[in-house]
Amino acid sequence: MALERHRVVVTAAERVRDEIRAQGHDADRVHAYARDLTDPPSVREFAAAVAARTDHVDVLVNNGSRYQHGTDLLSASDEDVVDTLASGATGTVIATKAFLPLLLKSAKPDVVTMVSGCGEAGHDRSDAHDAHDAFYAAKSAQAGCTEILSRRLRDRGVRVISLYPPDFDNHDPLSEAWEAAPRTAKDPLTAQSLVDCVFFAIGRPRDCFIKSFHFEQV
């Protein structure tokens with residue numbers, strides 16, 4: 001099962017790499033890596049592979065987390081629960097730790113974490129993860145980690161930015177929907193708007209530390 005998940009990750013990463021290159025970006029500067037966030041040696045190998053190609057990293061985006069299918073907690077195996085917690089919580093901590101040396105060599109280091117509204121205290125309105133208690137636990141752990149990292153890394157010039165979106169429409173960036181999707185006050189949040197928030201935050205002057213984005217849910 002792990003091998004099948006690994007193959008899916010490899011395929012997805014390579015597809016995104018090829019799509020970026022197809023947009024005209026230098027092929028020597030766009031690479032795909034597949035790593036297991038639940039396995040610390042795999043994450044360290046990822047950071048080492050990146051370090052072999054560059055002497056610094058400006059932005060680390062933590063957006064990897066296992067999606068747990070099922071109707072309720074009893075429908076999940078113990079292994080599913082462990083993997084969900086490890087990918088979302090442990091994976092974020094280990095990845096940030098592994099890439100921190102490269103971030104500290106940057107003149108403008110930012111750590112961006114897609115936490116989700118599920119990491120907010122008392123949140124229970126996610127349709128996508130309505131019954132997945134392990135996912136809520138993982139996201140709550142992410143929230144606690146990024147909160148303290150924001151304080152501890154500020155003196156070292158590293159901004160830690162967290163996003164807490166509710167369920168949102170996730171359009172393919174290469175599809176017509178990416179530009180045509182309605183984005184009015186009556187519409188659900190879109191992935192486009194989340195990307196806009198990230199670019200806004202990392203584009204601020206270095207004295208501007210935007211710690212988090214919280215969103216209303218329609």
Side-chain angles (χ1 to χ4, degrees), residues 1-21 27-70 76-106 108-116 118-119 129 132-153 156-163 198 202:
M1 182 176 179
L3 178 59
E4 290 303 316
R5 290 206 303 270
H6 181 70
R7 285 175 179 165
V8 170
V9 171
V10 170
T11 302
E14 291 178 343
R15 184 177 67 249
V16 172
R17 176 202 62 197
D18 293 343
E19 289 175 345
I20 293 173
R21 288 176 174 176
D28 291 333
R29 302 186 66 183
V30 183
H31 308 281
Y33 303 93
R35 291 294 180 259
D36 184 351
L37 288 173
T38 68
D39 180 40
S42 179
V43 177
R44 290 196 297 270
E45 290 173 5
F46 176 24
V50 173
R53 293 185 177 275
T54 181
D55 61 356
H56 72 279
V57 167
D58 292 330
V59 183
L60 170 66
V61 179
N62 292 311
N63 191 32
S65 182
R66 181 179 175 185
Y67 182 93
Q68 181 181 320
H69 296 279
S77 69
D78 290 345
E79 291 75 17
D80 287 337
V81 172
V82 170
D83 279 354
T84 301
L85 284 164
S87 64
T90 305
T92 295
V93 178
I94 295 298
T96 303
K97 178 176 181 287
F99 279 92
L100 188 56
L102 288 171
L103 286 161
L104 291 174
K105 293 179 181 179
S106 168
K108 47 183 180 180
D110 290 308
V111 177
V112 178
T113 303
M114 190 65 66
V115 178
S116 155
C118 295
H129 305 280
H132 306 314
D133 300 14
F135 184 84
Y136 276 83
K139 291 302 180 177
S140 295
Q142 272 189 330
C145 172
T146 55
E147 173 74 24
I148 194 63
L149 281 178
S150 179
R151 300 180 187 180
R152 291 182 174 172
L153 293 180
R156 306 182 78 174
V158 182
R159 299 187 300 198
V160 179
I161 305 159
S162 301
L163 288 85
V198 172
I202 66 177

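Just so we're clear, the structure is a prediction, and the values are computed from it rather than from any experiment.
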Shortest non-hydrogen separation from [X] to [Y] and the atoms involved:
X	Y	result
Cys118	Tyr136	O-CD2, 3.5 Å
Thr96	Leu60	CA-CD2, 3.7 Å
Ala47	Leu102	O-CD1, 4.1 Å

Spacing of [atom1] belonging to [X] relative to [atom2] belonging to [Y], to within rounding of 0.5 Å:
X	Y	atom1	atom2	result
Asn63	Thr92	CG	OG1	9.5 Å
Thr54	Arg29	OG1	CZ	8.5 Å
Asp28	Arg53	CG	CZ	8.0 Å
Arg151	Glu147	CZ	CD	4.5 Å
Asp39	Ile94	CG	CD1	10.0 Å

- Between Leu100 and Leu153, is a side-chain contact (heavy atoms from CB on, under 4.5 Å) present by the stated rule, with each step listed? CA-CA 10 Å; Leu100 188 56; Leu153 293 180; 4.2 Å; yes
- Task: Under the side chain to side chain donor-acceptor pair (under 3.5 Å) rule, collect the residues that match up with Thr90, sequence neighbours excluded.
- Result: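 Testing Thr90 for side chain to side chain donor-acceptor pair (under 3.5 Å), a comparison that skips the adjacent residues, returns none.
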- Task: For residues Leu163 and Val112, determine if any side-chain heavy atom of one lies less than 4.5 Å from a side-chain heavy atom of the other.
- Result: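 A side-chain contact exists here, since the closest heavy-atom pair is under 4.5 Å.
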- Task: Please identify each residue that fulfils side chain to side chain contact (heavy atoms under 4.5 Å, CB included) with Ser140, with sequence neighbours left out.
- Result: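 Residues passing side chain to side chain contact (heavy atoms under 4.5 Å, CB included) with Ser140: none at all.
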